[in-house]
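All values derive from a computational prediction rather than experimental measurement. Counting starts at 1 for both ligands and their atoms, following the listed order.
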Amino acid sequence: MSHFEDLDTPIYVAGHAGLVGGAISRALKARGYTRVIGRTRADLDLEDPAAVRRFFERERPTHVFLAAAKVGGIHANNTYPADFIRSNLLIQLNVVEAAYRAGTRRLMFLGSSCIYPKLARQPIPEDELLAGRLEPTNQPYAVAKIAGIELCDSYNRQYGTDFVSVMPTNLYGPGDNFDLQNAHVIPALMHRFHLAKLAGDSSVTVWGSGKPRREFLHVDDLADACVFLMKGYEGRGIINIGCGEDVAIAELAQTIRDVVGFAGRLEFDASKPDGTPRKLLDVSKLFALGWRPRVRFADGLADVYRWFCAHESDARR
Ligand code: GDP
């Protein structure tokens, strides 16, 4: 086995300050792991190969969660395509190579459901990866992430490493980006409903038709699944992480309205893009291993809203 049962084993969470890495770090600590290592960007530049090598040689993590990535919405992806492909390729290459050299027993690379083809069949099974054309707006990001998966597989084949890639669905949770224009739908709508409630507005605008469907997973469930798979996934190949259910944006908006306690109407702005009509992962591979999500959607949203209210002045930036 991979020594993951040993609670003293050094585990490095790359990206520990982010939404996903933060949740993984919390999950590990809550399970009693005593050596959960994180480094801020100021302390360790993951784009610098020598610095990453030195860090791995010093700390010798037996397990690595590679949750560090340059991420952003459609606007950022369109404006800074070179940054997205370069940063992600560098981070992955440096961490995977250093982990191999330092004898890391197991590394988990976090991919994303948005790197599946634009017109993937639904729900999306793992074998849809590389089966069709990508969404052009985030192609540089997607190609980098796909290269990360291929990197892990290739090291496994050539060097006998144990590097596994997981594919999380759309995530939400405390610590997310709540920017009104650039955030994903849950934090953006929560913020907008909150402001409308305070202002006593009669309606809130939701982008698009309200008809697209999306699957959402709380980051604590994602972290739980990652720890579960780090421990027990013996198989090969990528594995989807989701809850197996999706919701229409109109229904989502109503649920968020109720969580926030806004009494007004919803208006749909059809001039804003709907994006892909449906994005649901096929989670049969994960569920067959016995894992299930635990966070009820309404509870998860309430949890995020509590976090938002407590951090509103930071989140407003
Ligand atoms: P996507 O899965 O990449 O499309 O991620 P998003 O979270 O940005 O959008 C999901 C869906 O929610 C799309 O159909 C959007 O049009 C819709 N949506 C409705 N209101 C908003 C909003 O205020 N912000 C965002 N980002 N999406 C919204």
Side-chain angles (χ1 to χ4, degrees), residues 19-20 69-79 81 84 110-120 122-124 128 133-142 145 167-173 175-197 199 201 203-219 222 240-260 262 264-282 297 300-301 304-305 308 315-316:
L19 181 69
V20 170
K70 183 167 179 63
V71 295
I74 186 166
H75 178 71
N77 271 278
N78 262 333
T79 318
F84 276 85
L110 281 101
S112 163
S113 63
C114 67
I115 71 179
Y116 280 117
K118 185 180 166 74
L119 302 175
Q122 305 284 327
I124 310 171
E128 278 288 317
R133 290 192 180 282
L134 299 167
E135 158 63 41
T137 53
N138 76 344
Q139 185 156 310
Y141 170 85
K145 281 279 183 186
M167 303 286 266
T169 191
N170 288 20
L171 301 168
Y172 71 101
D176 208 344
N177 166 18
F178 282 82
D179 186 273
L180 289 167
Q181 292 306 317
N182 290 320
H184 284 119
V185 59
I186 291 179
L189 284 183
M190 198 172 272
H191 195 168
R192 221 172 300 141
F193 281 124
H194 178 76
L195 295 180
K197 179 176 81 170
D201 292 345
S203 70
V204 159
T205 303
V206 178
W207 295 355
S209 65
K211 294 202 179 89
R213 300 185 68 85
R214 294 288 184 275
E215 176 187 24
F216 297 101
L217 188 72
H218 193 282
V219 277
L222 172 74
N240 288 337
I241 303 181
C243 64
E245 287 168 25
D246 59 2
V247 56
I249 296 300
E251 197 187 323
L252 170 75
Q254 276 167 22
T255 310
I256 298 176
R257 176 182 62 179
D258 295 345
V259 165
V260 171
F262 170 67
R265 281 176 292 111
L266 305 179
E267 274 172 9
F268 292 90
D269 178 358
S271 72
K272 288 281 198 302
D274 267 346
T276 179
R278 192 172 186 213
K279 200 161 49 161
L280 175 65
L281 292 181
D282 180 340
F297 195 37
L301 289 173
V304 175
Y305 187 52
F308 173 73
R316 211 187 264 275

Glu215 side chain vs Val247 backbone, donor-acceptor pair below 3.5 Å: no
Shortest protein heavy-atom distance from atom 23 (O) of ligand 1, along with the residue and atom involved: Arg192 NH2, 2.3 Å
Option of least heavy-atom distance to atom 13 (C) of ligand 1 (set: Asp269, Val206, Thr169, Asp274): Asp274
Test of proximity, Ala183 against ligand 1: N or O pairs below 3.5 Å: yes
Residues Arg278 and Asp246 bridged, charged N to O under 4.0 Å: yes
Centroid-centroid under 6.0 Å between Tyr172 and Phe297 rings: yes
Row check, Phe84 ring normal vs Lys70 NZ/CZ: under 6.0 Å, within 45°: yes
Winner among Val185, Leu180, Asn138, Asn182 once heavy atoms are compared against atom 7 (O) of ligand 1: Val185
Flag, side chain of Asp176 to backbone of Leu19, donor-acceptor distance under 3.5 Å: no
Lys272 and ligand 1 - part of the residue with a heavy-atom distance under 4.0 Å: neither
Protein heavy atom at shortest distance from atom 16 (O) of ligand 1: Pro273 O, 2.7 Å
Nearest neighbour of atom 17 (C) of ligand 1 from the list Trp207, Phe268, Phe216, on a heavy-atom basis: Trp207
Donor-acceptor contact present, side-chain His218 to main-chain Gly173, <3.5 Å: no
Which of the ligand 1 atoms, numbered from 1, are nearer than 4.0 Å to a heavy atom of Lys279: 2 (O), 3 (O)
Residue Pro212 vicinity, atoms of ligand 1 by number, heavy atom under 4.0 Å: 14 (O)
Atom 5 (O) of ligand 1 - nearest protein heavy atom and its distance: His184 CD2, 3.8 Å
By side chain to side chain donor-acceptor pair (under 3.5 Å) - contacts of Asn78 (at least two apart): none
Atom 11 (C) of ligand 1: nearest protein contact (heavy atom, Å): Ile249 CD1, 3.6 Å
Identity and separation of the nearest protein heavy atom to atom 1 (P) of ligand 1: Arg214 NE, 3.7 Å
Proximity flag Ala188 to ligand 1, non-hydrogen atoms under 4.0 Å: yes
